[in-house]
Amino acid sequence: MDFWQRYRAIDARDTRFDGQFYTAVRTTGIYCRPSCPARTPKAENVTFYETSAAAHEAGYRACKRCLPEAVPGTPAWNLRSDIAGRAMRLINDGVINRDGVEGLAARLGYSSRQLNRILSHELGAGPLSLARASRAQTARTLLVSTTMKLADVAFAAGFSSVRQFNETIAEVFDMTPTALRGTARHHPPAPASTSLTLALPYREPFDPGVFSFLSVRAIPGIEAGTASSYSRTLRLPHGDARFSVEYAGAGNGTVAGKTMEYDGGPHRRPLVLTIGAVDLRDLPALLSRVRRLFDLDADPVAIDGALGADPRLSASVAAAPGIRLPGALDPQELLIRAMVGQQITVAAARTALTQLAAAGSTSTAAGDGLSRLFPSPAQIAEAGAELLRGPQRRIESLLAAATALAEGKLDYGYGDDLPTLSAKLLPLPGVGPWTVGYVAMRVIGAPDVFLANDAAVHNGIRALAAEFSDSAGFGDPGDAGPVTGARGGGAAPSSDFREVSPWRSYATMHLWRAAAAVPRTSAARRAQTMKSESDSAMKETVQ
């Protein structure tokens with residue numbers, strides 16, 4: 001967006017852009033979110049910043065009226081595959097808190113000096129300032145949403161001392177931590193246990209189908225899910241954790257008898273995160289990963305606008321606005337799950353993963369019917385041969401991948417992009433382009449992946465074509481002929497959905513949803529079997 005596009009957004013107080021950029025006003029020394037209700041400043045007094053950290057660096061403080069830190073993050077870190085985007089994914093995951101700037105730079109393949117120069121040029125702030133802004137945002141959330149002691153808030157947010165915490169809060173918000181806590185619209189009652197309950201901000205609309213996606217893949221004892229809730233245990237850098245997320249009832253803002261405060265108006269259904277157990281040092285990482293799991297920083301209006309313009313997807317978008325791209329809580333776990341799920345159904349993959357889960361250890365954060373952790377790569381490498389069933393080559397491939405992860409020969413995660421993921425994963429036996437694309441979608445949130453050879457994608461195209469056969473531009477969904485390019489002038493739509501780029505991962509979610517909605521009759525299964533046998537390109541079925 002250029003200056004005037006952003007200025008028009010703040011003049012319209014457009015909430016869609018909250019968190020995507022920040023408006024600093026020279027005459028007041030304050031920076032705001034785009035939807036701030038204050039009078040629109042004169043254009044000559046406005047400077048726009050990509051991050052709140054850049055506004056801090058320039059000497060501005062946060063607006064007390066609109067609370068610019070209390071908004072969803074920007075989707076840019078998934079859209080951008082450059083060093084800045086990769087660095088921000090790692091910073092949000094708490095890498096600087098754990099490993100410092102040197103550790104962040106090493107993961108990205110740069111020196112700390114080079115990284116500081118790149119981020120200062122691209123984002124207006126260096127890695128330490130960006131991490132500091134992330135800590136301030138976490139601290140604000142905890143101050144207004146919990147009754148945690150101030151010292152606990154300081155260390156949970158990633159500050160190294162209470163003094164550093166106090167100084168940062170005063171500099172960023174121009175308030176003491178106690179005064180900032182007093183800005184909460186309500187004060188939560190003291191918890192009966194050590195659990196924390198927080199409302200997660202997001203941009204509307206929100207399609208809760210992501211809960212169903214996770215629920216049908218949930219491994220008993222490790223995960224549990226319904227159409228509006230999800231919970232699980234998780235291994236984090238400093239210990240085990242357990243959490244649950246619930247999509248609250250429409251308009252009442254109540255979960256488990258608690259009235260929740262959330263930013264976005266009285267009628268929005270809040271997403272409520274309850275943390276049953278966590279080492280406070282891991283709290284920023286947990287918050288970041290849960291946000292990634294539910295894709296809460298996405299811009300659904302922009303995504304739906306692009307997808308809805310394609311006649312093949314328009315009805316699906318209208319039926320499920322705000323569809324989300326499920327993320328991954330643990331990159332290593334996701335690779336194992338993707339490899340297990342290749343070439344078999346979701347139900348069969350869940351059965352296989354349930355058997356494999358016996359290799360995992362008992363969680364120290366057990367509770368709410370969840371008692372185990374997903375097995376680590378080392379545990380899979382040691383016990384997987386006895387627990388896995390199926391073709392020997394597939395088992396050997398899984399064990400080889402687990403061994404490579406356990407020994408550190410394979411190291412990938414949120415700081416990768418699609419080219420580096422391909423370079424790291426494709427040499428593994430049993431890993432092909434489908435696996436790389438699926439991992440990219442879920443681990444790094446790559447928004448423009450289209451799994452062209454996925455059987456469920458083809459089934460989804462057929463399902464939408466059958467339901468809306470009178471719509472223009474369909475043709476034969478199974479046609480493997482040449483791609484025609486963009487529509488216009490009577491041209492047929494492309495087979496790889498390039499017209500909706502850079503949102504093809506979300507198009508894939510709509511196609512999977514359409515495929516899952518089709519009744520699996522015996523005749524349909526026989527037809528799919530015949531098609532799979534005759535088409536060697538369609539070798540993989542989505543997990």
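Please read all numbers here as calculations on a predicted model, not as lab measurements.
In E122, the CD atom is crowded: over 12 heavy atoms of neighbouring residues, nucleotides or ligands sit closer than 6.0 Å. The number of heavy-atom neighbours closer than 6.0 Å to CG of D411, taken from other residues, nucleotides and ligands shown, is 12 or below.
Between the side chains of T15 and D18, no donor N or O sits under 3.5 Å from an acceptor N or O. Defined by atom type and a distance below 3.5 Å, a donor-acceptor pair is missing between the side-chain atoms of Y414 and N78. No side-chain donor from either of T74 and Q20 sits under 3.5 Å from a side-chain acceptor of the other.
If you look at Y247 and F206, their ring centroids are closer than 6.0 Å.
Listed for the S229 side chain is no donor-acceptor partner under 3.5 Å among the backbone atoms of G225. A donor-acceptor pair under 3.5 Å links the side-chain atoms of R337 to the main chain of R217, judged by distance alone. Checked by atom type and distance alone, the side chain of E223 pairs as donor or acceptor with a backbone atom of I219 at under 3.5 Å. Checked by atom type and distance alone, the side chain of T168 pairs as donor or acceptor with a backbone atom of Q164 at under 3.5 Å.
Here R232 pairs with E333 in a salt bridge; the nearest charged N to carboxylate O distance falls below 4.0 Å. A salt bridge links R242 with D368: at least one charged nitrogen is closer than 4.0 Å to a carboxylate oxygen. Comment: D416 engages K424 in a salt bridge, judged by a side-chain N to carboxylate O separation of less than 4.0 angstrom.
The aromatic rings of F48 and F21 stand perpendicular to each other, their planes meeting at an angle above 60°, with 30° marking the opposite boundary. Ring geometry for Y22 against Y31 counts as perpendicular: the plane angle is over 60°, on a 0 to 90° scale with 30° as the lower cut.
Summarising the geometry of W77 relative to R89, their closest heavy-atom pair is O-NH1, 2.5 Å, with the distance given to 0.1 Å.
Listed by chain and number, the residues in a side chain to side chain contact (heavy atoms under 4.5 Å, CB included) with D152 are M148, K149, L280 (sequence neighbours excluded). Remark: S111 engages Q114 in a side-chain hydrogen bond (donor to acceptor under 3.5 Å, both in side chains) (not counting sequence neighbours). Residues satisfying the side-chain hydrogen bond (donor to acceptor under 3.5 Å, both in side chains) test with D207, not counting sequence neighbours, are R513.
Of the candidates R98, R291, R107, D93 forms a salt bridge (charged side-chain N to carboxylate O under 4.0 Å, His left out) with just one, namely R98.
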